[in-house]
J.: 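Provided herewith is a single structure, encoded as structure tokens, for subsequent inquiry.
All values below were derived from every heavy atom in this structure, side-chain atoms included, with hydrogens, water molecules and symmetry-related copies excluded.
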Amino acid sequence: MSSMSNKTFAEKCYSILLKVPEGKVTTYKDIAHALDSKAYRAVGMAMSKNPNIPTVPCHRVVCSDGSLGGYALGVPRKAQMLKDEGIDIRSGAVSDLDNFRYRFT
DNA sequence: TATTTGACCAAGA
DNA sequence: ATCTTGGCCAAAT
């Protein structure tokens, strides 16, 4: 049998992130919130440990203010991928984040 | 077990 | 609008 908590916090983050479709983004805070947690910093840690790129679309996770946050393969790559999905990036941030934000609930 | 580390966030001396 | 600060929490050390 599996251990008592068969999913780590990081694994839960990856699961929830898989729901975010191409052309949409989410934020570190929103993922934490979806997990009924305030551990938004820990969400960033989980992304940095990098599951399989691009199976788990961690390039779609940005900061609450629309700035891009980080990316294991470099922020410029993250920006390009988002643009390729049709997301408007201006001055290193998602413009009109509210329009591109995916809602979990 | 205790401390340190981060792809964060909100408020504002 | 930008920068600093204190707080946040899971994982790694």
J.: So which nucleotide from B:dA7, B:dC9, C:dA10 ends up closest to the side chain of A:Lys29?
T.: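 Closest nucleotide to the A:Lys29 side chain: B:dC9.
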
J.: Does the pair A:Asp98/A:Arg103 count as a salt bridge with the N-to-O cut at 4.0 Å?
T.: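 A salt bridge links A:Asp98 with A:Arg103.
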
J.: Is any side-chain heavy atom of A:Tyr28 closer than 4.5 Å to one of A:Ser64?
T.: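 Side chain of A:Ser64 against side chain of A:Tyr28, heavy atoms only: no contact under 4.5 Å found.
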
J.: Separation of A:Phe9 atom CZ from C:dA11 atom P, in whole Å?
T.: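 From A:Phe9 CZ to C:dA11 P: 7 Å.
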
J.: Less than 4.0 Å between a side-chain N and a carboxylate O, is that true for A:Lys24 and A:Glu85?
T.: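 Salt bridge: no.
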
J.: Tell me if the side-chain of A:Tyr28 makes a donor-acceptor pair with the base of B:dA7, cut-off 3.5 Å, by modelled atom types.
T.: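 Checked by distance alone, the answer is yes.
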
J.: Between A:Ser15 and A:Lys7, does the side-chain hydrogen bond (donor to acceptor under 3.5 Å, both in side chains) criterion hold? Intermediate values first, please.
T.: CA-CA 10 Å; A:Ser15 295; A:Lys7 252 182 169 185; 2.7 Å; yes

J.: When only distance counts, do a donor and an acceptor, one from the side chain of A:Arg41 and one from the base of C:dC8, lie under 3.5 Å apart?
T.: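 For A:Arg41, whose side chain was compared with the base of C:dC8, there is a donor-acceptor pair (under 3.5 Å).
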
J.: Do A:Tyr71 and A:Ile53 come within less than 4.5 Å of each other through their side chains, counting heavy atoms only?
T.: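 Of all side-chain heavy-atom pairs linking A:Ile53 with A:Tyr71, at least one is under 4.5 Å.
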
J.: Identify the stems formed by DNA chain C, where each pair is Watson-Crick or G-U wobble with both distances under 3.5 angstrom and a stem is at least 3 consecutive pairs.
T.: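 As far as DNA chain C goes, consecutive pairing (with distances under 3.5 Å) yields the stems B:2-6 with C:9-13, B:8-12 with C:3-7.
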
J.: Measure CE/A:Met45 against P/C:dC8 and give the value in whole Å, please.
T.: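 Taking CE of A:Met45 and P of C:dC8, I get 18 Å after rounding.
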
J.: Taking the side chain of A:Ala39 as its heavy atoms from C-beta onward, which of B:dA7, C:dA10, C:dA12 lies nearest to it?
T.: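 So the nucleotide nearest the side chain must be C:dA10.
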
J.: Nearest of B:dA7, C:dA11, B:dC9 to any side-chain atom of A:Thr8?
T.: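 It is C:dA11.
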
J.: Look at the side-chain N and O atoms of A:Lys38 and state whether any lies under 4.0 Å from the OP1 or OP2 oxygen of C:dG7.
T.: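 Looking at the OP1 and OP2 atoms of C:dG7, neither is under 4.0 Å from any side-chain N or O of A:Lys38.
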
J.: Compare the minimum distances between each of C:dC9, C:dA11, B:dC8 and the side chain of A:Tyr40, then state the nucleotide with the smallest one.
T.: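 Of all the options, the side chain of A:Tyr40 is nearest to B:dC8.
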
J.: Please report, rounded to the nearest Å, how far the C1' atom of C:dC8 is from the NE2 atom of A:His33.
T.: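 Going from NE2 in A:His33 over to C1' in C:dC8 covers 16 Å.
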
J.: Can you figure out which of C:dC9, B:dA7, B:dC8 approaches the side chain of A:Ser48 most closely?
T.: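 From the listed options, B:dA7 comes nearest.
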
